[in-house]
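Within every chain, numbering begins at 1; the chains are lettered A, B, ... in the order of the sequence lines, protein sequences first and strands thereafter. Atoms considered below: every heavy atom in the structure, side chains included; atoms not considered: hydrogens, waters and symmetry mates.
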Amino acid sequence: MSLEKSQVEKIAHLARLRVNDEELEQVAGDLSSILDLVEQMNAVDTRGVIPMAHPLDMVQRLRSDRVTEEDQRDLFQSIAPATEKGLYLVPRVVE
Amino acid sequence: MQWETVIGLEIHAQLATKSKIFSGAPTAYGAAPNTQACAVDLGLPGVLPVLNAEVVVMGVRFGAAIGAIPQGRSVFARKNYFYPDLPKGYQISQYELPIVGKGSVEIVLDDGTTKRVGVTRAHLEEDAGKSLHEDFHGLTGIDLNRAGTPLLEIVSEPDMRSAREAVAYARKIHQIVRYIGICDGNMQEGSFRVDANVSIRPPGGELGTRAELKNINSFRFLERAINFEVERQVDILEAGGSVVQETRLYDADRDETRAMRSKEEANDYRYFPDPDLLPVELDAKFVADVVAGLPELPDDRRQRFSSVFSLNAEDAALLTSSRELADYYEAVVGVSGDARLAANWVMGDLAGALNRDGLEITDAPVAPAQLGGMLKRISDGTLSGKLAKQVFDAMWSGAGSADEVILSRGLTQITDIDAIARQVDEVLAANQSQVAAFREADDKKRAKMLGFFVGQVMKATAGKADPKQVNRLLREKL
C-alpha cells in the first residue's frame, strides 16, 4: 500500500510535525513500507487470537482513591513561558 | 412534509472520587487555578498514569444499574488531538473495549407509557482543563485543575424521537448516577454534561446527517436546543439544502445553535492503546461484589412505593426522584406509620418550605424523625391540621421535636367540650348586636354570619379548638 504525498501532509499536520517538501517523498516511502509490513501481517489468520493491548502479559494495578499530591503550582509555573493569576498563558485559541 | 427526529445523547458524568483518575491530585471544585494539577495532570515528561481503583468500581456500578453485560476486560486508548487545555496532546480514554457494554434504561413518556432507550456503551476517560479566553491581553489562560478528573461517558443509541424523550432519558441517567452514588449530578458545575446528536429524516427512512450540540447545561436548555436544531434542519432540507455534519454550540441567551468547527479534521483522533496502561481485568467475584453492593434502583423503588405505600404513579415517581428524598420519606413513614399523610406533608409543606428557603432535602432543618413525630400527633387527634402547621413552622425554626413544641406552646387541640362551650358563651356575650342580627337573618345570610362567630371563638382559643365542635356548639346556642 502506498501513501500519496497529500496523505502524508495530512498526517503530519494532525501530529503537528513539520515535514518539508524534500522530506515528503522519503517519508511517504518509509511509511508505505511500514504499511506493507502491516498488510503482510494482515494476511495471517488471527481468528481466536485476543488482540494484544500491551506487550507485557500483565493486568493493570490500581491505586486507592486517596489524595497524595500537594500543590506545587509555583514550582511548575517557574518553567512556564508565561503565567498570570495562577493561569498558564498560551497564544489565543478561539473556537 | 413530515419529518422524524432522531436523537442520541452523549453524557459525561464526572465520577465523584476524591482524587483524579490517573494521579493523586484532588478533584474538589472551585480551587484556585492550577493548585490541583500535579505533574501527571500537566503531562510532564517521565510521569506515568496509575488507575484509580474507585473509578473502576464506579464504572462497574453503572453497568450493573443499566443491566449491561459486565466487561471482563477493558483497555485504555489515546485519543489524539491538539488543544492547549490538553497538555499531553492526547486524552486517555477507552475505545474498542470500554468498561461498560450494551445496556438500556426505561423512560416514562408524557402520555404515561414507557419506552426503552438503549445505551450503546460507557467508557472511562480523563477530563481536559479549562480555557479562559477573556482578559489576558490577547492570550488565553489555561487552568488545568480539571485535567485528569475522571469521567464516565455514557453513549446512547439513537433511540429518541423528540426533545421531550431526550430530556426524559437524560433525567433518567441523571437519577441513576446519583442513586448509585457515582456522580453528584451538578450541571451548573459541569459534573453532568449532555451533548445531543440530532438529525431528521422522512419517517422510518435512512438516518440523516447529524449535528452535535454542545454547551448544554440544563435539562430545559437541552429541550430548547434540540427543538431549535430540528427547526433549523427542517428549514434547510425543505429549502432544498443539505445538513452539514458539524459541532454546534447552544447559546442560551439567544436560544439558538451556532456552528463551532467542522468535524472532518477534528474527528481524526487516531486512537491506539495507551502503552502507559495495562488492560483492566475484572474477575467475576469483583463484579458480583459490586452488584451486591448496589442500592435499590429508582425504578424498583418507585414500584415498591406504589405497591407498599399505595401511592399513585405520579406521587411515587416524585418521592423517588432522588435517593435522598426517598430516604427521607421512608424515614417519616417509619416513624408516623401513615404513608398517605407522610406523602402529603413531604410533597406539600416540606417541599414548599425547602423551596422557599432554597434548601435541598439533605439540608432540611426538620429531620424525618421530627416530621414523623408530628404526623403521629395528627393521627392521634392531638393536633388539628392548622395547629400542625404551627408546630411544623416552629420545628423548622429549630424548636425541637413536635412533642416539645406542643408542650412548650400549649398547642394541644382543645377537645374538652365544656371548655369550648365557655369560650362560645363569652364570644356571644361580647357580640350581642351580631347575635341579634343573626337571629333575624335568613338561612343564607346566617351561613355567612356563622363564620364570624367561628373566627372569634378560634381567635379566643388561639386556634386550638376543634372547628367542627365550635360550629356545632354555635348552631345550638344561637
Side-chain angles (χ1 to χ4, degrees), chain A residues 3-4 6-19 31 34-35 38 41 46 48-95, chain B residues 17-20 23-27 31-42 44 50-57 73 75-77 80-85 89 96-97 129 131-133 136-144 249 260-261 265 268 270 273-275 277-281:
Chain A
L3 283 175
E4 301 291 325
S6 63
Q7 287 172 299
V8 176
E9 279 173 339
K10 190 187 170 202
I11 296 164
H13 171 68
L14 286 172
R16 298 296 189 275
L17 291 173
R18 186 182 296 141
V19 181
L31 287 178
I34 293 171
L35 290 176
V38 173
M41 293 194 287
T46 54
V49 178
I50 299 168
M52 185 176 75
H54 201 281
L56 290 179
D57 187 21
M58 294 166 71
V59 296
Q60 181 64 39
R61 291 190 55 170
L62 307 175
R63 63 176 179 84
S64 62
D65 181 28
R66 282 188 302 122
V67 173
T68 52
E69 293 287 340
E70 288 174 7
D71 172 24
Q72 296 187 80
R73 184 176 77 180
D74 292 344
L75 176 66
F76 295 138
Q77 296 203 333
S78 67
I79 54 165
T83 59
E84 189 175 311
K85 294 178 185 160
L87 297 162
Y88 294 91
L89 295 187
V90 299
R92 188 167 187 108
V93 277
V94 182
E95 285 183 343
Chain B
T17 55
K18 295 183 195 74
S19 65
K20 293 191 176 170
S23 83
T27 54
N34 292 307
T35 54
Q36 297 186 156
C38 71
V40 173
D41 308 324
L42 296 178
L44 293 180
V50 186
L51 185 60
N52 185 336
E54 193 61 19
V55 165
V56 176
V57 172
R73 177 181 164 89
V75 171
F76 285 94
N80 300 279
Y81 67 94
F82 285 94
Y83 206 75
D85 58 23
E96 283 161 329
L97 294 172
S131 303
L132 297 124
H133 297 289
F136 296 102
H137 16 268
L139 297 172
T140 293
I142 305 291
D143 177 7
L144 294 169
L249 288 181
M260 189 170 100
R261 62 175 175 228
E265 185 179 297
D268 204 343
R270 296 150 295 139
D274 190 330
L277 289 153
L278 291 152
V280 176
E281 293 202 357

Asks: Just jot down the side chain to side chain contact (heavy atoms under 4.5 Å, CB included) partners of A:Ala82, sequence neighbours excluded, or say none.
Replies: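 A:Ala82: side chain to side chain contact (heavy atoms under 4.5 Å, CB included) contacts with A:Leu89.
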
Asks: For B:Asn34 and A:Gly86, which heavy atoms make the closest approach, and how far apart are they?
Replies: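 It is ND2-O, 2.6 Å.
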
Asks: Ignoring hydrogens and angles, tell me if any N or O in the side chain of A:Arg92 forms a donor-acceptor pair with the backbone of B:His133 under 3.5 Å.
Replies: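 A pair under 3.5 Å: yes.
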
Asks: Are there more than 12 heavy atoms of other residues, nucleotides or ligands under 6.0 Å from atom CD of A:Glu70?
Replies: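 For A:Glu70, atom CD is not crowded (no more than 12 foreign heavy atoms under 6.0 Å).
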
Asks: Heavy-atom pairs under 4.5 Å with chain A: which of B:Leu144, B:Leu97, B:Val75, B:Thr17 has the most?
Replies: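 Option with the greatest count: B:Thr17.
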
Asks: Any side-chain heavy atom of A:Phe76 within less than 4.5 Å of one from B:Leu42?
Replies: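 Yes, close enough: below the 4.5 Å cut-off.
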
Asks: Which pairs would a plain distance check flag for residues 53-63 of chain A, meaning a side-chain donor or acceptor within less than 3.5 Å of a matching protein atom at least two apart in sequence or in another chain?
Replies:
{"unit_1": "A:His54", "atom_1": "ND1", "unit_2": "A:Leu56", "atom_2": "N", "d": "3.1"}
{"unit_1": "A:His54", "atom_1": "NE2", "unit_2": "B:Pro275", "atom_2": "O", "d": "2.7"}
{"unit_1": "A:Gln60", "atom_1": "OE1", "unit_2": "B:Leu278", "atom_2": "N", "d": "2.7"}
{"unit_1": "A:Arg63", "atom_1": "NE", "unit_2": "B:Val50", "atom_2": "O", "d": "3.1"}
{"unit_1": "A:Arg63", "atom_1": "NH1", "unit_2": "B:Ser19", "atom_2": "OG", "d": "3.2"}
{"unit_1": "A:Arg63", "atom_1": "NH2", "unit_2": "B:Lys20", "atom_2": "O", "d": "2.4"}
{"unit_1": "A:Arg63", "atom_1": "NH2", "unit_2": "B:Ser23", "atom_2": "O", "d": "2.5"}

Asks: Begin with the C-alpha distance, continue with both residues' side-chain angles, and end with the deciding distance and a verdict on side chain to side chain contact (heavy atoms under 4.5 Å, CB included) for B:Arg73 and A:Ile50.
Replies: CA-CA 11 Å; B:Arg73 177 181 164 89; A:Ile50 299 168; 4.0 Å; yes

Asks: Drop me the distance from B:Thr27's OG1 to A:Asp65's CG, to the nearest 0.5 angstrom.
Replies: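 Atom-to-atom, B:Thr27:OG1 and A:Asp65:CG are 7.5 Å apart.
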
Asks: Heavy-atom cut-off 4.5 Å, strictly under: side chain, backbone, both or neither for B:Val56 against chain A?
Replies: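 Only the side chain of B:Val56 comes within 4.5 Å of chain A.
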
Asks: If you compare all heavy atoms of A:Val90 against all heavy atoms of B:Pro84, which two are closest, and at what distance to 0.1 Å?
Replies: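 Closest heavy-atom pair between A:Val90 and B:Pro84: CG2-CB, 3.8 Å.
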
Asks: What part of A:Gln77 gets within 4.5 angstrom of chain B, counting heavy atoms only: side chain, backbone, both, or neither?
Replies: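 For A:Gln77, the side chain is the part near chain B, not the backbone.
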
Asks: Once you round to the nearest 0.5 Å, how far does CD of A:Glu69 lie from OG1 of B:Thr35?
Replies: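 Here the rounded value is 13.0 Å.
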
Asks: B:Leu44 versus chain A, heavy atoms under 4.5 Å apart: side chain, backbone, both or neither?
Replies: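 Answer is side chain: those atoms of B:Leu44 sit under 4.5 Å from chain A.
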
Asks: For B:Glu281, look at atom CD and say whether over 12 heavy atoms of other residues, nucleotides or ligands are found less than 6.0 Å away.
Replies: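 Yes, because the 6.0 Å sphere around CD of B:Glu281 holds more than 12 heavy atoms from other groups.
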
Asks: Apply side chain to side chain contact (heavy atoms under 4.5 Å, CB included) to the pair A:Lys10 and B:Asp268, showing each step before the final yes or no.
Replies: CA-CA 10 Å; A:Lys10 190 187 170 202; B:Asp268 204 343; 3.2 Å; yes

Asks: Shorter than 4.5 Å, heavy atoms on both sides: which option in B:Ala53, B:Pro273, B:Gly129, B:Gly89 has the most such pairs with chain A?
Replies: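 The answer is B:Ala53.
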
Asks: Side chain, backbone, both or neither: which part of B:Ala31 has an atom under 4.5 Å from a heavy atom of chain A?
Replies: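 No part of B:Ala31 comes within 4.5 Å of chain A.
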
Asks: Closest heavy-atom contact between B:Arg270 and A:Ala15?
Replies: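 Looking at all heavy atoms of both residues, the closest pair is NH1-N, 3.9 Å.
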
